[in-house]
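Naming convention: chains lettered A, B, ... in sequence-line order (proteins, then strands); numbering from 1 in each chain.
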Amino acid sequence: MSTFLQDHARTHMCGELREADVGETVTLMGWVDTHRDLGRLTFVDLRDRTGVTQLRFDPHHAEEIHDTADELRSEWCIAVVGEVVSRGANKNPDLPTGDVEVLPEKLQVFSRSKTPPFVIEDDPDTTEENRLRHRYLDLRRQPLQEAMLTRSETNGLTRNYLLDNGFVEFETPVLTRSTPEGARDYLVPSRIHPAKFYALPQSPQLFKQLLMISGFDRYFQIVKCFRDEDLRADRQPEFTQIDMEMSFVTPEDVIEVCEGLMASIFEGIHDIDVQPPFERMSYDEAMARFGMDNPDLRFGMEIVDISEAVADSEFRVFSGTVADGGVVRGLRVEGGVDKFSRAEIEELEDFVGVYGAKGLAWVKVKDDDWSGPIANFIAEDERAAIKEQMGAESGDLLMFVAAGTDVVCPALGHLREKLGDQLDLIDDEQFRFCWITDFPMFEEVDGELQPMHHPFTAPHPDDMDRLDGDPLDIRTQAYDLVLNGHEIGGGSIRIHRRDIQSKVFDLLGMSEEEAREKFGFLLDALEYGTPPHGGIAFGMDRLVMILTGADSIRQVIAFPKTTRAADLMAEAPGRVDDDQLEELHLRTVVDEDSD
RNA sequence: GGGGUAGUAGUUCAGAUUGGUCAGAACGCCGGCCUGUCACGCCGGAGGCCGCGGGUUCGAGUCCCGUCUACCCCGCCA
């Protein structure tokens, strides 16, 4: 006996049928979206990833399947064979297929469904936890189906563009060795080598540089990377990069290729022209104007420095901070006088407190009258200077933070973004790219130098001679691509000279032995004719998140992890047998209650 | 590691700063009726250890302590 599928091939998808198909006999397969049983007459909406088609089960038409039709419930997987008929006066204008319906003469139930733990609809009324436990059902929802398709298309557009531009696709090892710099590694024990471990790559950084040394000229890979750090809405322990590297290039060459890639992706996905070349801004400028190196340029409200104007102020918080080498900077909320109550401003004060600000000073400007707790301490000439510098007008609310730049920048930068969101200043139809350049090479953490990007980043050519001076003054040939306030990519020109690489390790307080221990194979390779090279890596998840308008990368990852790095569906991580541990020469030192 | 929000039927929530009719609603589910629905409608029914563990009390969704889980943020993420 033959099966249904042997006898019947699907002829159409559920979102395809139109008036023009009336009269055809079609075979549809999919899931029961909803059923409406009107007694002798039953309607079923059949769904697949392309849409829904209404089925009409009319006992006059195919008596023998009617009983089965009445049993159909949500999420059953079925097939029907039937004629497409016009809905006549009963068309549904809200549905693309609403002009027609299918009159089944055959009905095949492939499999029944339990009552799903949440309704499969665009905006389900349930917790993310519940959805993640049943991700296979969550993924049936239209928004997630679309996100996955957008992700797939982005993959395709990326491959096509890079292959067309002479890039060679590689696969670098997933089992590699730990490089103790940077993020915490995910480790994999070795059965063959007791007490030794592989590490999953935080990025294929060293391998792609080696491929340049091997002469492949242009490398790319769409690749999983792993970092064992705490999660956020835009951070997962495993994430995907569009990784690229090019030989014999300047930053301009890399930037040009990337702009072409972005243009190709945005054209392909949204049919919009993102109009390269993109805006550029130095790191210093971004920090001064927006307080962060990933500024959202879709709205203004820039940060203004009023340190000079208040250096001698009677208000000790301001003058004292300036005297101690700090800064006083502020934001102007246009028309903010009526938009914020004292209690609401206090909430904002708590908000900046998170970033280490001791307080949020504020004044409300009404004509020439300033009100607010600090108003009385601000002298007439200071008011004039502040007003001029901030462009303040009557009705504006001015807010200030006084501290070191390490506090003021993040506090005001995040406050600016919060206000932009709260006051609805952001046009979410807009895609605003910006390159951030001229990053400092090092930052000081607890008195020690650390690389801002990674230790293979080449110094800026103009700063080469500063390698012997103050290393904190050295800028690099690094560049980040920022889109709508998200860092979506970052890269640099790499060091291709062994002597400069040694110098950098030296500045980082790393001995030659240590460097050898950690990056020996790269250092060796650098001694065999290394081409000048550089590259970049894009965060694919973040990019697709922005492309789809999602507000978390979990929405664009098929099987994401929770903020505690767990997969609620697969129940990973999980326990393993003692035998497995023994084989791997491992013993656990904590004995948690079994769960 | 720290801060915040949430956790009561399958799902979303109510149950007021007063501890005692407090086991409730809606949707979903099950059964019945219904031939033009598309949030179908009408009638009936089943469903809960109030996240978990302690404590206070004659008595605890309710008060206290701890703990777990999800989400957001700080730290962390070369």
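- Note on A:F43: a base of the nucleic acid sits closer than 4.0 angstrom, heavy atoms only.
- Out of B:G10, B:U37, B:C29, the shortest distance to the side chain of A:E101 is found at B:U37.
- Remark: A:T115 is not in phosphate contact with B:G10, judged by side-chain N or O atoms under 4.0 Å from OP1 or OP2.
- When the P atom of B:G41 is taken as reference, atom CG of A:L41 falls 16 Å away, rounded to whole Å.
- Ranking B:U35, B:U37, B:U11 by closeness to the A:T126 side chain, first place goes to B:U11.
- Taking atom CG on A:D94 and atom P on B:C38, their separation rounds to 11 Å, with Å as the unit.
- Here B:G19 sits opposite no nucleotide as a Watson-Crick or G-U wobble pair (both hydrogen-bonding atom distances under 3.5 Å).
- In this entry B:C42 has B:G32 as its Watson-Crick or G-U wobble partner, both defining distances falling under 3.5 Å.
- Comparing B:C76, B:U69, B:U37 against the side chain of A:N90 picks out B:U37 as the nearest.
- The residues A:E128 and A:R133 are annotated as not salt-bridged, no charged nitrogen and carboxylate oxygen being separated by less than 4.0 angstrom.
- Nucleotide B:G7 is matched to B:C68 when pairs are restricted to Watson-Crick or G-U wobble geometry with both distances under 3.5 angstrom.
- Nucleic acid contact class of A:Q54 (heavy atoms, under 4.0 Å, all strands): base.
- One can place CZ of A:R554 at 9 Å from C1' of B:C72, the figure rounded to the nearest angstrom.
- At least one test fails for A:R516 against the ring of A:F521: distance under 6.0 Å to the centre or angle within 45° of the axis.
- Picking from B:C77, B:U69, B:C38 the nucleotide with the shortest atom distance to the side chain of A:R227 gives B:C77.
- Relative to the side chain of A:R232, the nucleotides B:U35, B:G36, B:C76 differ in distance, and B:C76 lies closest.
- OP1 or OP2 of B:C40 sits under 4.0 Å from a side-chain N or O of A:R36.
- Applying the 90° cutoff around 0 to the glycosidic angle, B:G61 is assigned syn.
- Within 4.0 Å (heavy atoms only), A:E121 reaches no atom of the nucleic acid at all.
- Across all strands shown, A:T42 has no heavy atoms under 4.0 Å from either base or sugar-phosphate atoms.
- The side chain of A:D125 sits closest to B:U11 out of B:U11, B:C34, B:G75.
- With a cut-off of 3.5 Å on both pairing distances, B:A14 has no Watson-Crick or G-U wobble partner at all.
- Relative to the side chain of A:E229, the nucleotides B:U35, B:C76, B:C38 differ in distance, and B:C76 lies closest.
- Looking only at side-chain heavy atoms (C-beta outward), A:E443 and A:E448 stay at 4.5 Å or farther from each other.
- Contact annotation for A:A89: no contact, since no heavy-atom pair falls under 4.0 Å across all strands.
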